[in-house]
2 protein chains.
Amino acid sequence: MRKKTIEDYVELIYILQHEKQKVHTSDIANTFDINPASVTEMFQKLSKEQYITYEKYNGVTLTPKGKKIAIQTKQKHDTLKHFLMILGVTEAIADEDACRIEHTITPLTMEKLTKFVKFVNQTDGHQRWLDHYKYFDKTGKIIRCTPETESQCPIHGRHHEHLS
Amino acid sequence: MRKKTIEDYVELIYILQHEKQKVHTSDIANTFDINPASVTEMFQKLSKEQYITYEKYNGVTLTPKGKKIAIQTKQKHDTLKHFLMILGVTEAIADEDACRIEHTITPLTMEKLTKFVKFVNQTDGHQRWLDHYKYFDKTGKIIRCTPETESQCPIHGRHHEHLS
DNA sequence: AATAATATTTAGGCATACCTAAAAATTAGG
DNA sequence: CCTAATTTTTAGGTATGCCTAAATATTATT
């Protein structure tokens with residue numbers, strides 16, 4: 001599997017903290033499926049760099065610095081995942097890819113993707129184009145419908161009344 | 001800068017081969033802005049793994065295996081870049097992000113993104129929604145226009161005739 | 001409270017992609 | 001064609017995130 005970054009660790013600690021107060025070596029080791037010894041090493045590093053408070057044999061908590069990064073990362077993750085699912089990627093894979101992309105993407109690209117997701121959400125139920133995309137995704141067929149021809153559109157024609 | 005993968009090297013060799021026949025250590029070192037010594041090392045590795053034919057002091061060429069990977073990678077790169085530019089990312093940054101994402105993305109996600117790009121291309125000039133997205137990107141404002149209200153739409157209203 | 005089971009840490013290693021400095025090969029100029 | 005400049009390679013080193021095995025601390029059982 002992919003090597004975990006500081007962001008991965010901090011994000012996971014953040015998520016686990018909701019259930020556990022103190023997050024332990026084994027929690028991380030299990031979720032990431034890596035050796036506990038590796039987690040201890042990372043705890044030491046994260047502690048040295050002030051992302052977490054670490055007491056030997058007693059779990060960790062996020063510092064404000066760590067929490068900030070965690071929230072930012074989770075935010076990116078959720079947006080990316082949401083975005084991919086709009087395009088028709090399954091949840092499990094969207095999750096996986098979001099996890100990888102969230103660390104490498106530039107702020108500008110993240111911003112545009114965020115806007116795209118907002119755009120789709122805020123026009124929810126009114127994006128005929130998205131139905132057309134999904135139809136294309138399924139069938140490979142492009143069906144154009146202009147306002148004039150929409151009533152004959154095999155995707156929208158029948159439901160025309162409650163769509164507009 | 002980010003560490004370069006086998007794919008990065010092979011893709012760049014592929015691009016440079018069009019101009020140069022044999023690609024030399026310094027060509028890669030300059031483009032990636034890394035030390036020539038590091039390129040030599042990678043040449044040795046790539047050669048050992050049969051991606052390139054490597055003769056000391058005499059440049060490299062792609063093997064069929066290497067060329068295949070190169071073409072696949074470049075394909076992914078171009079699609080990703082295109083996709084990001086549809087969303088309004090500038091060319092330079094789209095290029096940068098494409099370069100990072102192309103190595104980590106799963107096939108399913110790549111497939112959906114490819115479909116999305118095709119969908120946009122094949123409906124070129126007929127996606128009123130894309131104009132709406134761009135308007136939202138610029139202004140933050142969502143403007144809904146149904147077939148009935150489209151003629152009053154500030155984006156499409158005036159140009160209604162040659163759009164449909 | 002002693003011992004057994006479990007969890008965590010330490011110590012020593014590995015692979016990867018990079019680096020610098022120095023050696024060796026190639027190429028260019030007189 | 002020989003020396004100087006340039007390019008490439010070798011050798012040795014670094015940081016990172018992982019590993020295993022062994023040591024140590026904690027927790028649970030009786």
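Because the structure is a prediction, the values reported are computed rather than measured. In what follows, chains carry the letters A, B, and so on, assigned in the order in which the sequence lines appear, proteins first and then strands, with residues in each chain numbered from 1.
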Quick check, are the ring centers of A/Phe119 and A/Phe83 under 6.0 angstrom apart? no
Nearest whole Å is fine: how far is C/dT8 C1' from A/Phe43 CZ? 10 Å
Treat primed atoms plus P, OP1 and OP2 as sugar-phosphate and everything else as base, then score nucleotides 18-25 of chain C 5' to 3': B for base contact with protein heavy atoms under 4.0 Å, S for sugar-phosphate contact only, - for none. BBBB--BS
Taking B/Ala98's backbone N and O only, do any of them form a donor-acceptor pair with B/Lys76's side chain (distance below 3.5 Å, no angle check)? no
Distance check: side-chain N/O of A/Lys56 vs OP1/OP2 of C/dT8, anything under 4.0 Å? no
Atom CG of A/Asp8 and atom C1' of D/dG17: how far apart are they, to the nearest Å? 12 Å
Check A/Lys74, A/Lys81, A/His77 against A/Glu102 for a side-chain hydrogen bond (donor to acceptor under 3.5 Å, both in side chains) and give me the one that passes. A/His77
Classify the nucleic acid contact of B/Tyr54 as base, sugar-phosphate or nothing, counting any heavy atom under 4.0 Å across all strands shown. sugar-phosphate
Measure from the side-chain N and O atoms of B/Thr63 to the backbone N and O of B/Tyr51, and report whether any donor-acceptor pair falls under 3.5 Å. yes
Between A/Phe32 and A/Tyr9, does the ring centre distance come in under 6.0 Å? yes
Take atom CG of A/Asn58 and atom C1' of C/dA7, then tell me their distance rounded to the nearest Å. 12 Å
Does CD belonging to B/Gln122 count more than 12 external heavy atoms closer than 6.0 Å? yes
Got a sec: does the CD of B/Gln21 have more than 12 other heavy atoms crowding it under 6.0 Å? no
Is there a residue in residues 12-30 of chain B whose heavy atoms reach under 4.0 Å of DNA chain D, and which residues are they? B/His24, B/Thr25, B/Ser26
Check whether any side-chain N or O of B/Asp97 sits under 3.5 Å from a backbone N or O of B/Ala94 as a donor-acceptor pair, and report yes or no. no
